[in-house]
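What follows is one structure encoded as structure tokens, with my remarks underneath.
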Amino acid sequence: MTGQNSDLATSQDFHFAVVSDLHIALPPTVYKHANRFHLTEISIPVLESVLEHLSQLDLDFLLLPGDLTQNGEPDNHTWLSERLAQLAIPVYVIPGNHDVPVAIQASDAIGLADFPHYYRKFGYQDPKQLYYTCEVLPGVRLVGLNSNQFDRQGKQVGYLDPAQLEWLEQVLATASEELVLVMVHHNVVEHMPDQARHPLGRRYMLQNAPVLLEILRNAGVQLVFTGHLHVQDIACCQGVYDITTGSLVSYPHPYRILHYCADNRGQKRLRIDSSRVESVPGWPELQQVSREWMGDRSVPFMLQFLTQPPLNLSSSEAATLAPSLRYFWAAIAAGDPVFHFPHFPEPVRQYFESFSDQHDNSRAPALADNCTTLLL
């Protein structure tokens with residue numbers, strides 16, 4: 001662990017990639033709901049485009065932080081596990097809420113306990129356990145967590161159960177590696193203003209995120225990779241970075257390529273670069289079409305934003321402002337947003353402009369959600 005065993009042999013220079021929220025859907029399984037934001041019908045060609053690019057790079061491993069399938073369909077899990085087995089580099093996965101939408105296996109979806117059986121080659125050496133740890137490189141340990149739980153009413157929630165947290169503390173206390181990476185589907189650090197309390201944002205947060213953050217800080221863990229929110233964003237809380245990656249099937253169809261290195265003075269850096277899938281067969285202008293797709297479906301979503309806390313606008317006030325927010329979520333999803341709404345009423349203007357990507361206590365845009373270097 002960092003700061004505990006500095007004399008240990010560590011992979012001081014390595015590359016890896018993060019591809020999140022694939023929502024793989026074989027053609028017969030594609031669910032074409034009229035209001036969906038996801039373009040699941042292109043999930044396979046988009047993934048193939050990414051894998052082709054990644055195959056040209058000198059990568060050491062690939063991380064997939066959840067929502068691997070459209071909605072937990074057995075055929076989609078089978079297809080993906082077989083496709084990942086063909087890759088030349090190690091791949092590590094965890095379940096997202098869409099991968100295990102039901103606690104007990106149904107005719108059209110696997111159950112929570114079934115997930116590890118599909119991905120034994122991708123981290124789950126013990127198919128009876130929904131979380132795992134392994135050494136991915138000399139001196140580099142990965143911890144894959146399961147943030148999908150079901151409450152007493154059978155509702156799915158983002159939560160780490162006590163047994164898993166106890167296991168995690170034991171793993172971190174005994175880890176001899178200098179660097180530990182953690183992967184969990186739900187967000188651990190807020191990526192939007194007041195996300196943990198906002199009616200629309202809190203369902204993307206881990207309910208007991210403060211508990212996990214305390215465990216990670218105490219163990220010196222700095223890097224957490226998440227998905228679920230479908231946005232490009234890097235957030236930090238007291239030295240713990242939550243690097244969330246947007247969905248491969250929604251605008252802007254991003255993925256990340258990362259380079260970790262340490263110089264001879266012990267300075268550790270993580271260089272993060274992001275790419276986008278620009279086109280796939282049948283979708284030559286994917287970026288433009290996808291952005292408009294999201295904009296076309298944005299009004300109901302933005303009406304909720306406007307009429308719920310903290311703004312609590314009337315329906316008529318919200319209806320007047322919503323058209324100006326057509327591309328608001330697309331900009332959030334793309335990362336590095338900078339907003340100006342001078343024609344909005346002052347409290348509303350301040351609220352929406354607070355979503356701009358900027359340094360703390362600064363008016364200067366940070367623009368660090370897609371490409372940046374973290375000093376660790």
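Starting from 1, each residue takes its place in the sequence as its number. The figures that follow rest on heavy atoms only: side chains count, while hydrogens, waters and symmetry mates do not.
- In this structure a side-chain-to-backbone donor-acceptor pair under 3.5 Å is present from T133 to L142.
- Side-chain rings of F339 and F344 stay apart, their centers remaining 6.0 Å or farther from each other.
- The shortest distance between side-chain heavy atoms of V189 and Y241 does not fall below 4.5 Å.
- Between the side chain of T226 and the main chain of N187, no donor-acceptor pair closer than 3.5 Å is present.
- Between I24 atom CD1 and S81 atom OG the span is 11.5 Å, to the nearest 0.5 Å.
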- Query: So Q56 and E52, side-chain hydrogen bond (donor to acceptor under 3.5 Å, both in side chains) or not? Walk me through it.
  - Reply: CA-CA 7 Å; Q56 302 171 26; E52 170 62 24; 3.2 Å; yes
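- For Q287 (side chain) and P252 (main-chain N/O), a donor-acceptor pair under 3.5 Å exists by modelled atom type.
- Residues L51 and Q86 have side chains not in contact (no heavy-atom distance under 4.5 Å, counting atoms from C-beta outward).
- In this structure, N148 contributes its side chain and H98 its backbone to no donor-acceptor pair below 3.5 Å.
- Under a hydrophobic clustering in which Ile, Leu, Val, Met, Phe, Trp and Tyr are joined whenever their side-chain heavy atoms come within less than 4.5 Å, directly or via other members, V249 and I44 fall into different clusters.
- Counting only N and O atoms by type, the side chains of E353 and S356 include no donor and acceptor under 3.5 Å apart.
- Judged purely by distance below 3.5 Å, without hydrogens or angles, the side chains of H23 and H230 pair a donor atom with an acceptor atom.
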For a quick test of your reading: what N or O donor-acceptor pairs under 3.5 Å do the side chains of residues 201-211 make, sequence neighbours left out?
{"residue": "R202", "atom": "NH1", "partner": "R197", "partner atom": "O", "Å": "3.4"}
{"residue": "N208", "atom": "OD1", "partner": "L160", "partner atom": "N", "Å": "3.2"}
{"residue": "N208", "atom": "ND2", "partner": "L160", "partner atom": "O", "Å": "2.9"}

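- Ion pair D263/K268 not flagged as a salt bridge, since none of the NZ, NE, NH1 or NH2 atoms sits closer than 4.0 Å to an Asp/Glu carboxylate oxygen.
- One distance of note links CD1 of I234 with CD1 of I243; it measures 5.5 Å at 0.5 Å rounding.
- The hydrophobic clustering, which links ILVMFWY residues whose side-chain heavy atoms are closer than 4.5 Å, places F37 and I332 together.
- Side-chain contact, D233 with T244: no donor N or O sits under 3.5 Å from an acceptor N or O.
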- Message: Let's go through H185 and N97 carefully: what are the C-alpha distance in whole Å and the side-chain angles of both, what is the deciding distance for side-chain hydrogen bond (donor to acceptor under 3.5 Å, both in side chains) to 0.1 Å, and is it a yes or a no?
- Response: CA-CA 8 Å; H185 187 60; N97 56 302; 3.1 Å; yes
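- Here the closest heavy-atom approach between residue I104 and residue V102 is recorded as O-CG2, 3.2 Å.
- Under 3.5 Å, the side chains of D161 and Q149 contain a donor-acceptor pair of N or O atoms.
- Taking the side chain as every heavy atom from C-beta outward, D242 and H191 approach each other to under 4.5 Å.
- Using a distance-only test at 3.5 Å, with no hydrogens or angles considered, a donor-acceptor pair links the side chain of W293 to the main chain of R36.
- Note on R217 versus E214: no salt bridge recorded, every NZ/NE/NH1/NH2 to OD/OE distance being 4.0 Å or above.
- Across every non-hydrogen atom of P101 and I110, the tightest pair is CD-O, 4.4 Å.
- The closest side-chain heavy-atom distance from Q238 to V240 is not below 4.5 Å.
- Atom CD of E190 and atom NE2 of H198 lie 11.5 Å apart (nearest 0.5 Å).
- Both V224 and L165 belong to a single network of hydrophobic side chains, linked directly or stepwise wherever heavy atoms of I, L, V, M, F, W or Y lie under 4.5 Å apart.
- Both V277 and L57 belong to a single network of hydrophobic side chains, linked directly or stepwise wherever heavy atoms of I, L, V, M, F, W or Y lie under 4.5 Å apart.
- For the residue pair H253/S290, the side-chain donor-acceptor check at 3.5 Å is satisfied.
- A distance of 10.5 Å separates OG1 in T320 from NE2 in H343, rounded to the nearest 0.5 Å.
- Here the side chains of S147 and I94 are not in contact, with every heavy-atom distance at 4.5 Å or above.
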- Task: Just do the side-chain hydrogen bond (donor to acceptor under 3.5 Å, both in side chains) check on S43 and Q70 with the steps written out, would you?
- Result: CA-CA 9 Å; S43 59; Q70 177 182 238; over 6 Å; no
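- Side-chain contact check for Q129 and D126: no donor-acceptor pair (N or O, by modelled atom type) lies under 3.5 Å.
- Remark: the backbone N or O of N146 is paired with a side-chain donor or acceptor of Q164 at under 3.5 angstrom.
- Panel note: side chain Q232, backbone G246; a donor-acceptor pair is recorded below 3.5 Å.
- Side chain of D151 to backbone of K155: a donor-acceptor contact under 3.5 angstrom is found.
- Taking every heavy atom of both residues into account, A322 and V299 meet most closely at CB-CG1, 4.5 Å.
- Evaluated for a side chain to side chain contact (heavy atoms under 4.5 Å, CB included) with L137, the options F14, Y260, F16 yield exactly one hit, F14.
- Under the ring pair (Phe, Tyr, Trp, His ring centres under 6.0 Å) rule, W329 has a single partner from F301, F352, F355, which is F301.
- Here the side chains of L68 and Y118 are not in contact, with every heavy-atom distance at 4.5 Å or above.
- The distance from atom CD1 of I257 to atom CD1 of I272, rounded to the nearest 0.5 Å, is 12.0 Å.
- A cation-pi arrangement is present between R291 and Y327 under the rule of less than 6.0 angstrom and at most 45 degrees off the ring axis.
- Linking Ile, Leu, Val, Met, Phe, Trp and Tyr residues whenever their side-chain heavy atoms come within less than 4.5 Å places I89 and V19 in a single cluster.
- Ion pair E82/K121 not flagged as a salt bridge, since none of the NZ, NE, NH1 or NH2 atoms sits closer than 4.0 Å to an Asp/Glu carboxylate oxygen.
- Here the options are L270, L258, L216, the test is side chain to side chain contact (heavy atoms under 4.5 Å, CB included), and the partner is L223; only L270 passes.
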- Residue pair S247, H38: steps toward the side-chain hydrogen bond (donor to acceptor under 3.5 Å, both in side chains) verdict: CA-CA 9 Å; S247 171; H38 309 166; 5.7 Å; no
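- Side chains of P309 and N312 form a contact here, defined as non-hydrogen atoms less than 4.5 Å apart.
- With a 6.0 Å radius and a threshold of 12 heavy atoms from other residues, nucleotides or ligands, E135 has its CD atom above the threshold.
- At a threshold of 4.5 Å between non-hydrogen side-chain atoms, the residues V136 and P90 do not count as touching.
- Distance alone, capped at 3.5 Å, places no donor-acceptor pair between the N218 side chain and the I215 backbone.
- Contact detail for R256 and D369: the closest heavy-atom pair is NH1-O, 2.7 Å.
- Shown here are the ring pair (Phe, Tyr, Trp, His ring centres under 6.0 Å) partners of H186, two or more places apart in sequence or in another chain: H228.
- Of all heavy-atom pairs spanning L62 and V18, the tightest one is CD1-N, 4.3 Å.
- Summarising the geometry of L306 relative to A318, their closest heavy-atom pair is CD1-O, 3.5 Å, with the distance given to 0.1 Å.
- Between F328 and F305, the ring planes lie perpendicular to each other; the angle is over 60°, past the 30° to 60° tilted range.
- Taking OG from S49 and CZ from R276, the interatomic distance works out to 14.0 Å, rounded to the nearest 0.5 Å.
- In terms of modelled atom types and a separation under 3.5 Å, the side chain of D67 and the main chain of L22 share no donor-acceptor contact.
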